[in-house]
There are 2 protein chains.
Amino acid sequence: MGRKRTKSGKIRLTEVAKLAGVSPITASRFFRNPDALSASKRERVDSAVKELGYVPNLAARALASHRTEVIGVVIPSLTNSVFADVLRGIYDSSEQSRYSIQLTNTRYSILQEEKLLRLFRAQKPAGLIVTGINQTTESRAILETMDCPVAQIMEIGDSPVDMMVGFSHYDASFAAISHILQQGRRRIGFLGARMDPRVQRRLDGYRDAMKAVSLFDSNLVVTTSVPTTVTLGGTLFADLLAQAPDIDAVFCVNDDLALGVLFECQRRQISVPGNLAIVGFNDLEFMASAVPSLTSVRTNRYEMGRHAVTMVIDAIEGRRPQEPVLDLGFQLMIRESSTSQTA
Amino acid sequence: MGRKRTKSGKIRLTEVAKLAGVSPITASRFFRNPDALSASKRERVDSAVKELGYVPNLAARALASHRTEVIGVVIPSLTNSVFADVLRGIYDSSEQSRYSIQLTNTRYSILQEEKLLRLFRAQKPAGLIVTGINQTTESRAILETMDCPVAQIMEIGDSPVDMMVGFSHYDASFAAISHILQQGRRRIGFLGARMDPRVQRRLDGYRDAMKAVSLFDSNLVVTTSVPTTVTLGGTLFADLLAQAPDIDAVFCVNDDLALGVLFECQRRQISVPGNLAIVGFNDLEFMASAVPSLTSVRTNRYEMGRHAVTMVIDAIEGRRPQEPVLDLGFQLMIRESSTSQTA
DNA sequence: CAATGCAATGGTAGCGCTGTCAATAATTGT
DNA sequence: ACAATTATTGACAGCGCTACCATTGCATTG
């Protein structure tokens, strides 16, 4: 008993084929592999598609082909502005392709991540982009049976599930501390919030850099698992001052904290960089226009998103990169807040 | 070249039904309308699903039912931190439902918006969330033939396509200016960047509030179509000072600009609020911890996202709100930057 | 010239699920 | 007790597309 609604206007591939005078399968090929058609048929199908305003039914296509044109993305946070740039890169790249993005958010929950990965595996995405390299054993197992290209982003490490795009948080942190040391500062505090694996590695870099010059002191480190805010930067800085009143520099694991520290310094009349150097991480836009301008570690987040999508799509289409790990590096943006007043 | 993969392990609804000893259609109903099953069958299907680890094939479901469980979201920018909060609300709400989010980005392009809406219409989403109320005639026509619930978010107006969640940018701006006037300031500058329709309405509110007390002066207004940054706030403020050196307050259409103005004041040794009051818009988190703390208009962005999804889902499931327009209002967060020094 | 290869095209047969409506079982009222 | 009503359930027939393989036509080869 027919649902007449079906006929209501919906153009099917069959109609296109009929108008073009070809078989449905040829019309189908027009979309998936136009080069396989002769020029004449290609043109006939093309104009039939345009004349009828045909739009493929993606559900039917997915059902018949056992594939989707969806790239899954798993990130830990929508709030963290770091991911905004990555996402922009991801969406920008995907828009030029046939693939669409399915974005999901773990809220830094390991369990949520496992659940999402399981969901993705069941839905057979064409590709997958996940954040970080510290998946649980379970998550890793799911990723390895994913049956599609997988890119891990934000950081790089030794054993990619498949591909990686990122940079070394350890090296970036180490470089930042080295710079501060070079400026003659000795008592460098460390401020960390929401200690996810990447932030943890920044702490490792800090610790090793300090230990290398025998300047490490656990009183210089203040961390919390609370999510980052500018206000929190001020609070943590106050804690740090209480623990180590003689600090002459602060390294913050992100720029929001650094801005909070700057404000707290203004509140307490601590001169920056006179009495205190401040260095942040990520190089958000405001760092350059703060007073004094704030030194930070620039990370190539937008490019990370773009490359991740490009690599995944290339892999889907059989063009695997010869080098599965892409290091996008970082740049130390040295500004007033960490250079001597005289400079 | 067989792809035997098809059979490889995939559990179909038929298998579940067989194990549960029911017909496939009954098993199907278990997912879509469990209340229609008797308790005994429901349990049998439930355990069969669990035992086999069955996961529904969404493509098949969409093809057979002519519906999807996708809610489309159209926003103009992924960078603008205002949308991060809205998106968080949207994703948080959707995760508790069966619906998934398909996010798209117009980059403030009218044409891109039309293209995306056309695409969505063809894919028959279960619901749609779009930004703003100023669609083109063409976009509006597409929305009206969308055949699914549509929520317009970020602002409210008189003729919703279907539903609306937002607040009045005009009123918010008017209220902010009234507050500044109340503080005895007379020469209130206006700084605007990326003049999208909502920002435009904030300008309208400013203009009317100033005209109401005969204090409007076009020299007090500086706008640009360039996207907002903190740095731009400083630049625009410099332009404003050049045009109107006697200003005693600045109203910025967003908090990034306000922060840029604050930094520029620090650079130029302009005392805030002594010589200049600063008021921003959105109440981003840093506003409260700046020195001095910065007055802003708090908008309920997270709630906006949550409500939009909830309303759309309710409408999809037949529970239409009696009132299609939801005004989430705003709150003026009065802080040091706009109050007299003596206060 | 037949044998061979290859490019272009089409026929057949589902992909896994649900809409429709009919059929059956359970419940109620009088 | 029996008809009328309601709750459950199932049979059937596709949804619109593509994988697979077969077929056709034509150029190439020895």
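The basis for the numbers below is simple: all heavy atoms, side chains too, and nothing from hydrogens, waters or symmetry mates. Reminder, nothing fancy here: chain letters follow the sequence lines and each chain counts from 1. The structure presented is a predicted model; accordingly, all values stated were derived computationally and were not measured.
Taking every heavy atom of residues 14-23 of chain B and every atom of DNA chain D, pairs under 4.0 Å involve V22(B), S23(B), by number. Of all the residues in residues 27-61 of chain A, R29(A), A36(A), L37(A), S38(A), K41(A) reach under 4.0 Å from DNA chain C with at least one non-hydrogen atom.
Nearest nucleotide to the L63(B) side chain, out of dC15(C), dC17(C), dC15(D): dC15(D). Distances from the side chain of S65(B) to the nucleotides dG16(D), dG19(C), dG14(D) place dG19(C) closest.
Summarising the geometry, the separation between CD1 on I25(B) and C1' on dT9(D) is reported as 10 Å, rounded to the nearest angstrom. In this entry the distance linking CG of L13(B) with P of dG10(D) reads 12 Å, nearest Å. H66(A) has its NE2 atom 5 Å from the C1' atom of dC15(C), to the nearest Å.
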Please tabulate the protein-to-nucleotide N/O contacts below 3.5 Å involving nucleotides 23-28 of chain D, giving atom names and distances.
none

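Using a cutoff of 4.0 Å between basic side-chain nitrogens and carboxylate oxygens, K115(A) and E95(B) are not scored as salt-bridged. The pair K41(A)-D46(A) does not count as a salt bridge, with every side-chain nitrogen at least 4.0 angstrom from each carboxylate oxygen. A salt bridge links D92(A) and R107(B); the closest N-O separation between the charged side-chain nitrogens and carboxylate oxygens is under 4.0 Å.
Of the possible donor and acceptor atoms, one in the side chain of T310(B) sits under 3.5 Å from a partner among the backbone N and O of R306(B). Remark: the backbone N or O of V73(B) is paired with a side-chain donor or acceptor of T104(B) at under 3.5 angstrom. Counting only distance, with no hydrogens or angles, the side chain of R44(A) and the backbone of A20(A) share a donor-acceptor pair below 3.5 Å.
Side-chain contact of R42(B) with S38(B): a donor-acceptor pair under 3.5 Å is absent, judged by distance alone. T106(A) and S109(A) are not linked by any side-chain donor-acceptor pair at a separation below 3.5 angstrom, with hydrogens and angles left out of the test. One side chain, Q152(B) or Q135(B), offers a donor N or O that lies under 3.5 Å from an acceptor on the other. Judged purely by distance below 3.5 Å, without hydrogens or angles, the side chains of T136(A) and S139(A) pair a donor atom with an acceptor atom.
In this structure, T26(B) does not reach the dT9(D) phosphate: none of its side-chain N or O atoms is under 4.0 Å from OP1 or OP2.
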Checking V325(B) against V165(B) for the side-chain contact (heavy atoms from CB on, under 4.5 Å) test, could you report, in this order, the C-alpha distance in whole Å, the side-chain angles of both residues, the deciding distance, and whether it holds? CA-CA 6 Å; V325(B) 179; V165(B) 196; over 6 Å; no
